[in-house]
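Right, one structure below, let's go through it.
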Amino acid sequence: MTCHSQVWKNAKLLAPVRDSFANDERLNWSRVNSTPDFVFFNHSIHIDKGVGCVTCHGQLDQMPLTWESHALYMKWCIDCHRAPEKFIRPREEVFNLNWQSTNQLVLGKKLVAEYRVQITQLTDCSMCHR
Amino acid sequence: MNADSSSRNFWRDLEELAAPNKFRARIRDEFLPGTSQPARFDRRNFLKVMGASLALAGLPACTRQPTGKIIPYVKQPENLVPGRPEFFATAMTLSGFATGLLVESHEGHPTKIEGNPAQPVSLGATNIFHQAALLDLYDAGRSQAVLNLNEPSTWNQFVAALTAALESAAEKSCRLRILTGSVSSPTLYHQIASLLKEYPQARWHQFDGACRDNVLAGALLAFGEPIETHYRFDQAKVVVSLDSDFLHTHPNSICYTRDFTGWRRASVAGLERNRLYVIESSPSITGSNADHRLPVKASEVADFAAALAGQIDGADVTIPGQERWLSAVKADLLENRGRSIVVAGENQPPIVHALAHQINHRLGNIGHTISFTSSALVNPVNQIASFKELCDALDDHEVDVLLILGGNPAFDAPPDFEFQQKITKAGFRAHLSSSVNETSRLCEWHIPENHFLESWSDARTFDGTVSIIQPLIIPMYDGKTVHEVLDAVANAPGRTDYEIVRAYWNNQDVPDLFEARWQRALRDGLIEGPTLPAKAVQLRPLDIPPIKAESKGLEITFRPDPNFSPGVSPYNEWLRELPQPVTKVVWDNPALVSPVLAKENSLVNGDLITLSVGDRRLRLPVWVTPGQPERSIALHLGNGSIRNASADAKSGFDVNPLRSSTDLWAAENVHLKKSGENYPLVTTQTLHAIDSEERQIFREGTFAEFQTDADFVQKNSSSPTETLFQPEEFKYDGYRWGMTIDLSACIGCNACILACQSENNIPVVGKTEVARGRYMHWIRVDTYFRGPPDNPEMNHQPVPCMHCENAPCELVCPVGATVHDKEGLNLQVYNRCIGTRYCSNNCPYKVRRFNFFQYADYGGASLKPMWNPNVTVRGRGVMEKCTYCVQRISAARINSEEGNRKITDGELKTACQQVCPAQAIVFGDLSDPQSQVSKLKAHSLNYSMLGELNTRPRTTYLAKLRNPNPDLSAT
């Protein structure tokens, strides 16, 4: 329930969520963002290093039904792992879906240094494949 | 003897000793001949199938992956973050004694067992049995339902039938018999004691397959009390083992291993060193670590003990042929009064234990290296007498209700108890057991026993510390615990195991403080309180038995299988596929015979023989074992039990038919007859062997040599100066991981192999696949022998991936599936690997393993929740190898970076390092000069295996130092 015990408490669309909670029955969600079994992804370190939710998941606040905003191909992951300065943002803006940088490259480089992002290491195979 | 000449004298196999060139030719190839072809599949057929598959290749392309489902918790448990493991303290018992554990759980599935570092006895280490216990939980062959006369039934029906049986006799006069193994659980003791009070006719019997009767009987003989002996190996400079495998089969072996190897680690190489003499009847882990080892028949150990005791008392006794040994051991012991230990083995008769006590007493060891307490077991009895009493009662129709709680006595008991025939005379028979085994099939009722990871209970460690056993998962099947079964007897319908254990401890405590203490005990994994108090002893005068005349007769010595222990399922496939410590035989328990005996009877490995003792016979294959006493044959107990009638293929040979209740551990007047047939036995000893001629793979020396020249290991080792590599082409600016393995400390217990198997989802492949060289263990323990085959030195060397700086495997991979990372790890990228196996062919250390089949599916679907979710389950056609537990490095790195700090030394441990009771494996950051591993790499004993190839391995070894007695080594 979490958020929806407060927001859109009576929305019809969310009836299955409320029923699940009331009847103690599990909900089967369809997976939208999925990585293959041999890819190991850790959310917490991405948040810690300033990768915003929106960067990977898209404008979730504007999705009536969630869709995959990026195909999650390896190339797409690597684009950021090679040049994180193009994407990372201040930690306090990670959850802000509408944050826009005025000068991303300057800020990004500063944040890469500040957050000690080890760029050379980010493209090691062992970062994601174990 | 210098390092140069010694290296050439090592051998791995008797065949190598006899015909080195032939052996070398055989091990030259990475893959055994024929291994690379599927059975009955020639080139022509291959092309046919390839053609077809090419034609069909286009069909399934471009489809989207099926949509997966996410099924989250409806109400997420507090503190649980999906993807982040939780750890719970619990404990496991082996032969009744507990070891504290910390078990890793991912979303409710236990995935890895570790030792509990808070536990004073084990300090975070475990052994092969604790590691393997995880597989038992997920084992599909476990018993899953209550059975009545082999038909599925229910617990309630069982309780009703039991109640009826109990009430059939007049008021509480039911002649109830309870049979358990050794028990250290205070709650269970309380339950049994109250039952015995409630039913005056009731009796409690105990019987374990490998009982320790002799230890307690020996103490009774020496001190008049059946007390337990505690050894301080950290204080003992000289240790004499009289057929005792105290580094492996002793209930306190984890503690003893750490204490014993504390004298031998490279970090203390400059200081004093202990010395171990082993007199033994079959090569054991302890024997393989001896500085001097004397193989004698089990029956002659008593003579040695008597002669030694006599000599220490100044008597003029000796044994022909062993004069030098006796006088050297005596002199060494007398020189180290108060700093020595004489320890007798469980299989030796009470008199040997009593003699050991007397020698220790005369040497002033008691109070220094040795102390006594009452046993941590709640009611230690003579189990043979106890079991005999039960059998007699059964025979006399004096048993109305028989409850067998755990174990498999119908299989483990020697046949002359006639338990199998007598048990049917009991009125009502029920067996609680994790598998449907021989005993279950003789009982009307079978109740599935919960695994300890599904149970509430309690138990005590060898030193008396109490641990609460708490479950990590709700019972998977309709199982029960011993507590629930006994509670059903007392107050049907009974309470849950949680209620029983909690109620017991609640009654022990002050009501107001209980809840806080209970929570703390669950969190810490132990109840703080005094350990067993030391007991003062009074030595009784002993009649030293006269030395027997040497007998030329053939003798059998029965030994617990090194890979089997009561407490772990005998069907456990991790243990069955684990190479035996000395022979490296897998999946079988051949009769171990000496090279001399083999020659006399022209036996080779795998020859089937018939052993007969009186009118009892047994047919099994032989294994010619270096170091086995000439006239003694060792048979390993615990094998050959048949589960679920015939569902499982039997593996191993049941040697119990040759045993008798009068002597559990030996049989004399044995006749051996060769049958002329052969049985395929599989050993890993010569698989993945490195051609070691002139190469100093295993380096060692003596302590004396080290004292005169600390750098002796470095001599004669050449590192090439010319290279096509640019040694400093890559600058490491972060962590540089590395490992050292201390060969002086390693005892060859194989715990690292199973810890790695559990951590890294390594599948079991089966006997026929192992025979083709396809076992999957990422770390192997090579054993190098030296000297005469009758009594060679034994040396163990664990070999994981070396993570070479100039890795030969990386150069030949056509698809870049094996590459270096920025922290120096040599990676294997499964999703890139196309299975050319070039890397494996080019690896001089032979540490790469190839998935010839979909081995990961061999264990069945029930194993899936057991797999470590942080490690890929490898598919067919993929190469794999040790990763330095890269998933642990990654977790530690993320954890430290989120805390804005570096990984501290010791924070990150590989699975093999964490399990090692000898602390022989050290892993850490080489760029930190203060790290433990950096300091060891700077040690003068440090060397690289095959360093002359300029591979610059990151895993290096610390050469082994022996400490031979000059009086015995000079020839």
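All heavy atoms count here, side chains included; hydrogens, waters and symmetry mates do not. Lettering of chains follows the sequences in order, A, B, ..., and the numbering in each one begins at 1.
The shortest heavy-atom contact between Arg832(B) and Cys125(A) is NH1-SG, 4.0 Å. Taking each heavy atom of Val74(B) and Glu25(A) in turn, the nearest pair found is CG2-O, 3.3 Å. Residues Val886(B) and Arg130(A) approach most closely at CG1-CG, 3.5 Å, considering heavy atoms. Taking each heavy atom of Asn831(B) and His129(A) in turn, the nearest pair found is ND2-CE1, 3.3 Å.
Among Thr883(B), Val829(B), Asn870(B), the residue with the largest count of heavy-atom pairs under 4.5 Å with chain A is Asn870(B). Most heavy-atom pairs under 4.5 Å with chain B: of the set Arg116(A), His43(A), Gln118(A), this distinction falls to Arg116(A). For the options Ala891(B), Ser890(B), Gly734(B), Gly83(B), heavy-atom pairs under 4.5 Å to chain A are most numerous at Ser890(B).
Contact of Arg874(B) with chain A is not made at all, since no heavy-atom distance falls under 4.5 Å. With a threshold of 4.5 angstrom between heavy atoms, Phe40(A) approaches chain B through side-chain atoms but not through N, CA, C or O. Only the side chain of Asn42(A) comes within contact range of chain B, with heavy atoms under 4.5 Å apart. The contact between Ile894(B) and chain A is made by backbone and side chain atoms together, counting heavy-atom distances below 4.5 Å. With a 4.5 Å cut-off on non-hydrogen atoms, Thr120(A) touches chain B through its backbone and its side chain both.
When the shell of 6.0 Å around CH2 of Trp8(A) is examined, it contains 12 or fewer heavy atoms from other residues, nucleotides or ligands. Other residues, nucleotides and ligands contribute only 12 or fewer heavy atoms inside 6.0 Å of the CD atom of Gln100(A). Open room surrounds CG on Asp37(A); 12 or fewer heavy atoms of other groups in view lie less than 6.0 Å from it. Within 6.0 Å of OH on Tyr838(B) lie no more than 12 heavy atoms contributed by other residues, nucleotides or ligands. Residue Phe38(A) qualifies as enclosed at atom CZ: its count of foreign heavy atoms under 6.0 Å is above 12. Atom NZ of Lys902(B) has more than 12 heavy atoms from other residues, nucleotides or ligands within 6.0 Å. By the neighbour-count criterion of 12 heavy atoms within 6.0 Å, atom CH2 of Trp99(A) is densely surrounded, having more than that number from other residues, nucleotides or ligands.
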Report task. Test Asp821(B) against Met127(A) for side chain to side chain contact (heavy atoms under 4.5 Å, CB included), laying out the working first. Result -> CA-CA 9 Å; Asp821(B) 80 0; Met127(A) 278 288 118; over 6 Å; no
Requested in this report: Could you give me the CA-CA distance, side-chain angles and deciding distance for Ile45(A) and Arg893(B), then say whether side chain to side chain contact (heavy atoms under 4.5 Å, CB included) is met?
Outcome: CA-CA 10 Å; Ile45(A) 194 68; Arg893(B) 193 197 297 116; over 6 Å; no
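With hydrogens and angles disregarded, no donor-acceptor distance shorter than 3.5 Å links the side chain of Asn28(A) to the backbone of Lys69(B).
Once rounded to the nearest 0.5 Å, the distance linking NZ of Lys75(B) with CZ of Arg26(A) reads 11.5 Å.
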